[in-house]
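Below: one structure, written as structure tokens.
Chain naming here is simple, since letters A, B, ... match the order of the sequence lines and numbering starts at 1 in each. For clarity, every value in this text was computed on a predicted model and none was experimentally measured.
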Amino acid sequence: MSPLLSISSQFHGITLLKSYNQEPGENSGPISITSSLTKKFKMLDLKLIRENPEAVETALARRHGGFSIKELVEIDARLRKVQSEWEALNCRSNEISELFKSGKLSGPEKESFKSETKEIKSRQGEVEEEKRVLEGQRTQLALAIPNMPGADVPDGKDEEENKIVSTWGTIPGIKNPRHHYDLGAELGIFDFERGVKIAESRFTVLMNWGAKMERALMNFMLDSHSKRGYSEVFPPILVNRNCLVGTGQLPKFADDFYKCADDELYLVPTAEVPITNLYREEVIDEADLPIYHCAYTPNFRREAGSAGKDTRGYIRQHQFNKVELVKFCTPETSADEHEKLTRDAELILEALELPYRRMLLCSGDMGFCAAKCYDLEVWFPAQDKYREISSCSVFGDFQARRANLRYKPTDGGKAKYLHTINGSGLAIGRAMAAILENNQQPDGSVRVPTVLQPYMGVSVIAAKLAAVT
RNA sequence: GGAGAGGUGGCUGAGUGGUCGAAAGCACCUUCCUGCUAAGAAGACGUACGGAGUUAAUCUGUACCGAGGGUUCGAAUCCCUCCCUCUCCGCCA
């Protein structure tokens with residue numbers, strides 16, 4: 001069996017047992033990763049890269065993103081050469097220290113050894129400079145390499161080649177369906193103009209039943225997931241840099257986030273970030289796995305690079321609400337847990353009576369960290385197409401390496417990297433938009449899905465009821 | 001924001017210049033003993049990268065005591081800078 005087969009048969013792309021601990025250059029290069037993470041910081045398994053560069057290269061090529069480890073491999077080899085040189089010098093200087101320790105040196109001998117050490121130190125300084133540069137380069141390169149697609153991920157370049165796994169529900173036969181933004185504006189539940197006035201474009205104010213439905217959806221989703229065993233978390237919405245490196249958003253996607261001007265803190269782009277980082281740098285007992293969490297947070301994205309996309313309506317906002325599902329589990333169970341998590345997200349769509357389909361993303365369309373990903377797409381009648389409402393990914397140990405998430409196996413042995421999985425369950429704003437469009441009535445009112453009625457206290461949102469009294 | 005204390009291995013916690021990769025305790029693992037609301041004895045027990053060795057056992061080099069820099073033949077230990085945590089005060093939803 002080739003190494004590649006053994007690797008990809010787990011589909012997580014990365015061997016788990018092999019761990020690589022790299023010490024990046026201190027403050028060298030443009031990436032500065034602060035404090036404890038610096039030392040324990042890990043990314044793709046370098047050992048795997050050294051031993052099977054072709055296999056890794058082949059796997060990365062499937063992403064069609066122009067990723068290559070060639071430069072990394074070369075830098076790594078040079079670095080290790082420099083490192084041995086440095087170590088040899090250090091070894092000699094340690095020997096000299098030992099001689100001093102023995103206390104048997106004569107005066108002239110002492111002087112001679114002192115000057116030898118001085119020479120060693122100065123040579124070491126030169127080597128060290130080179131080492132530092134190489135380490136910085138290696139870190140930078142390694143952090144910019146995405147996860148390898150799993151073996152059961154179809155090849156493909158972009159979203160055109162994603163595979164439909166299943167579809168659910170009946171597409172409603174609505175004559176001349178109206179867009180959610182028109183309906184919502186008419187019903188007095190979206191105020192796009194004032195959102196812009198208060199913040200800027202792509203910020204929206206929810207009024208009256210809109211605000212209530214947002215809250216109803218949030219509560220319904222959290223309640224549902226809680227009942228299925230997800231423990232609820234309400235985390236900080238501002239996170240530090242290490243969190244974003246840990247879950248893979250940084251350093252590569254720095255333009256996507258809002259950053260505080262005076263503090264090294266970022267607004268979360270998704271609850272995945274704080275929740276996954278809950279256990280960063282920790283070792284969890286295997287007996288405590290799997291861990292299921294659900295969390296509501298507002299999410300903030302600058303949407304750099306999506307100019308002109310979805311400019312109308314409530315689909316692509318700088319601030320949006322989402323309930324997120326996150327799992328921590330052993331490598332053996334992650335494939336299964338991923339399926340179950342995706343199913344848990346689907347159950348929300350089904351409860352909301354929204355037609356949807358499940359897509360298996362092809363290798364070229366997956367996110368940076370994902371080993372495998374399902375997107376759930378909900379039907380938008382006015383657009384006459386399915387739109388993403390949830391993305392459920394399994395990461396293998398990719399995030400676990402970055403965030404140093406480990407577990408202690410029950411059978412003893414060393415701490416191993418665990419596997420992480422997450423998915424939206426669901427994006428709340430898009431869910432509301434989908435409800436508006438799919439449940440619109442000829443008279444311009446909107447039927448409230450049955451499961452939401454207890455949360456909202458009404459069964460229909462009608463124009464005449466639009467004002468909450 | 002002000003003042004003080006502190007950051008050491010899975011955890012607790014000693015350690016103020018070489019005998020420290022690091023006492024002790026807890027946890028975990030192995031063995032033995034005892035025998036049942038579990039106790040006792042002994043041993044083993046950090047991570048990473050490299051070299052030798054049968055891609056073994058094992059031996060060995062280097063680094064790591066928050067991070068970076070400095071002093072020194074030699075730093076967990078002394079000095080400087082930064083980060084973080086805790087306590088008290090101030091402010092405050």
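Residue A:Ser84 is out of contact with every strand shown, counting any heavy-atom pair closer than 4.0 Å. When heavy atoms are screened at a 4.0 angstrom cut-off, A:Lys118 is found touching the sugar-phosphate backbone but no base atom. Using a 4.0 Å heavy-atom criterion, one finds that A:Phe100 contacts the bases of the nucleic acid, with or without backbone contacts as well. Within the 4.0 angstrom heavy-atom criterion, no nucleotide atom of any strand lies near A:Lys81. Within 4.0 Å (heavy atoms only), A:Gln83 reaches sugar-phosphate atoms of the nucleic acid but no base atom.
Put simply, A:Lys114 has a side-chain N or O that comes within less than 4.0 Å of OP1 or OP2 on B:C73. Contact check, A:Asn90 against B:G61: no side-chain N or O comes under 4.0 Å of OP1 or OP2. Between A:Lys101 and the phosphate of B:U19, there is a side-chain N or O to OP1/OP2 separation shorter than 4.0 Å. The phosphate of B:C84 (OP1 or OP2) has no side-chain N or O of A:Asn242 nearer than 4.0 angstrom. Listed pair A:Arg132 / B:G69 meets the phosphate criterion, a side-chain N or O lying under 4.0 Å from OP1 or OP2.
Stretches of at least 3 consecutive Watson-Crick or G-U wobble pairs, with each checked distance under 3.5 Å, appear in RNA chain B as B:1-7 with B:83-89, B:10-12 with B:24-26, B:29-32 with B:40-43, B:46-52 with B:58-64, B:66-70 with B:78-82.
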Show the distances under 3.5 angstrom between N or O atoms of the protein and N or O atoms of nucleotides 51-56 of chain B.
none

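A donor and an acceptor atom never sit less than 3.5 Å apart when one is taken from the side chain of A:Glu87 and the other from the base of B:G50.
Comparing A:Trp86 and A:Lys110 against RNA chain B, the residue whose closest nucleotide sits nearer the 5' end is A:Trp86.
Side-chain proximity of A:Arg50 to the nucleotides B:G50, B:U19, B:G69 is greatest for B:G50.
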